[in-house]
Amino acid sequence: MADSRGQTLVRVGALVLIAGELVVLATQLKIGAAAFVTFILVGGGLTALGVVLALWGMVRSERGP
Amino acid sequence: MLELVPGPWISVAATLVGVLLALRFVVRPARTRQAGGALVAVVAFVAVPGLLLTVGAERHLALSKSTAFCLSCHEMHPYGASLLQPDRLAHAHWAGRFVPREAACYTCHTEYTLYGGLRAKLKGLQHLWVHFFGAQPDPIALYTPYSNRECLHCHEGAKSFEEAEGHLDQLEAFRAGTKTCMKCHGPSHGVEKGAVSAAIAGTQQFQLPATTAGGK
């Protein structure tokens, strides 16, 4: 059971991480300062959340059921 | 038309690599338990985001100091326009190249203290909050009166400063802030009431001339 939850966490974490990285990538576009800072904050937050979730999932998966 | 900012492509390439690596674990999260899978996961979840943070932070912090960055918000257009008005102190600094044109706003509006740069970033977040959720003051006022320290940082000791009448004999008053530089040398921007609202409404547009916007 713990293993399954761990893998779900890895999957969700990876998805959130991807979303965050793509939002941060959008700052490479020529956009205004307000959008730029917003993208950095939102993208950075999502990326950090994704990393935590994915690593937490990895740890749970390693422990196994 | 979407346009990319010029610069190193390493962050774009690293992001795409990171996305592709992370996608492997979206499709099959059990890969983290396979031989070598954990290593790839650590690369995708730690190394690539870490690289992006390092490369991105340096580049984006530099970008946030640029004049073009500050003037990309409509609220700032009247202040940008003042750089081109000959009777403004801002113009004297801009036209005389007393400040680097590519970082004109940042040069004058960042405190020359240990944490001045950090405070400028925090104030930037405050600006963002007001931009989205608050009411923009018109004209925009500084949070605190402009400190002589910022003027003296560059001007103190300069021949032109010391030779000007009334400077040297009141240097202590300037340092102490009991007599302000702005009293004699203002207005710095001289933005009139209503100009910010007009800029926000889009009825007054402003863009620095291409020949000087980049400080080239």
Side-chain angles (χ1 to χ4, degrees), chain A, chain B residues 1-9 11-33 37-38 41-42 44-46 48-50 52-53 56-57 59-61 63-64 66 68-76 121 124-125 127-132:
Chain A
M1 189 65 180
D3 183 41
S4 170
R5 281 184 185 167
Q7 291 189 12
T8 303
L9 276 172
V10 170
R11 178 174 277 147
V12 172
L15 270 174
V16 174
L17 174 70
I18 289 170
E21 288 181 342
L22 290 178
V23 171
V24 172
L25 184 64
T27 60
Q28 299 289 326
L29 298 168
K30 275 193 175 174
I31 50 179
F36 177 87
V37 179
T38 305
F39 285 4
I40 289 284
L41 293 178
V42 172
L46 283 174
T47 304
L49 178 65
V51 167
V52 170
L53 288 176
L55 292 180
W56 185 21
M58 282 179 68
V59 171
R60 285 190 66 144
S61 293
E62 284 303 313
R63 285 178 186 162
Chain B
M1 180 70 181
L2 294 176
E3 195 178 348
L4 288 173
V5 292
W9 283 85
S11 49
V12 177
T15 304
L16 294 177
V17 169
V19 167
L20 289 175
L21 286 177
L23 264 180
R24 288 166 52 88
F25 299 101
V26 174
V27 176
R28 280 190 58 198
R31 281 190 170 120
T32 58
R33 300 186 66 185
V42 168
F45 299 148
V46 180
V48 172
L52 286 173
L53 180 71
R59 180 153 178 247
H60 288 148
L61 285 176
L63 180 65
S64 69
S66 71
F69 180 86
C70 301
L71 298 184
S72 67
C73 283
H74 286 188
E75 295 95 315
M76 288 295 119
K121 300 288 178 291
L125 293 178
H127 298 343
L128 189 73
W129 180 266
V130 174
H131 176 84
F132 283 123

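Scope of the values below: all heavy atoms of this structure, side chains included, with no hydrogens, waters or symmetry mates. What you see is a predicted model, and the numbers here were worked out from it, not measured in a lab. Chain letters run A, B, ... following the sequence lines, proteins first, then strands; residues in each count from 1.
- B/Arg33 CZ to A/Met58 CE: the interatomic distance, rounded to the nearest 0.5 Å, is 11.0 Å.
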- Query: Step by step, would you call A/Thr38 with B/Leu128 a side-chain contact (heavy atoms from CB on, under 4.5 Å)?
  - Reply: CA-CA 8 Å; A/Thr38 305; B/Leu128 189 73; 3.9 Å; yes
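- Heavy atoms of A/Leu17 lying under 4.5 Å from chain B belong exclusively to its side chain.
- Rounded to the nearest 0.5 angstrom, A/Leu22 CG and B/Leu16 CG are separated by 8.0 Å.
- With chain A as the partner, the residue from B/His127, B/Arg28, B/His60 showing the most heavy-atom pairs under 4.5 Å is B/His60.
- In this structure, A/Ile40 CD1 and B/Leu63 CG are separated by 9.0 Å, a value rounded to the nearest 0.5 Å.
- Although no hydrogens or angles enter the test, the distance criterion places a donor-acceptor pair under 3.5 Å between the side chain of B/Ser72 and the main chain of A/Ala33.
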- Task: Might you work through the side-chain contact (heavy atoms from CB on, under 4.5 Å) test for B/Thr15 and A/Gln28, ending with a clear yes or no?
- Result: CA-CA 11 Å; B/Thr15 304; A/Gln28 299 289 326; over 6 Å; no
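- Scanning both residues, B/Phe45 and A/Leu55, for their nearest heavy atoms gives CB-CD2, 4.2 Å.
- Between B/Val26 and A/Arg11, the shortest heavy-atom contact is O-NE, 2.7 Å.
- Chain A forms more heavy-atom pairs under 4.5 Å with one residue of B/Ala44, B/Cys73, B/Pro29 than with any other, namely B/Pro29.
- Pairing each heavy atom of B/Gly18 with each of A/Glu21, the nearest pair is C-OE1, 3.6 Å.
- Put simply, OG1 on A/Thr47 and CG on B/Leu52 are 8.0 Å apart, with the number rounded to the nearest 0.5 Å.
- Looking at B/Val46, the atoms closer than 4.5 Å to chain A (heavy atoms on both sides) all sit in the side chain, from C-beta outward.
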- Go through the steps to decide whether A/Val37 and B/Phe69 satisfy the test side-chain contact (heavy atoms from CB on, under 4.5 Å), and finish with yes or no. CA-CA 11 Å; A/Val37 179; B/Phe69 180 86; 3.9 Å; yes
- Going through the checks in order, is the side-chain contact (heavy atoms from CB on, under 4.5 Å) test met by A/Leu41 and B/Leu125? CA-CA 10 Å; A/Leu41 293 178; B/Leu125 293 178; 3.8 Å; yes
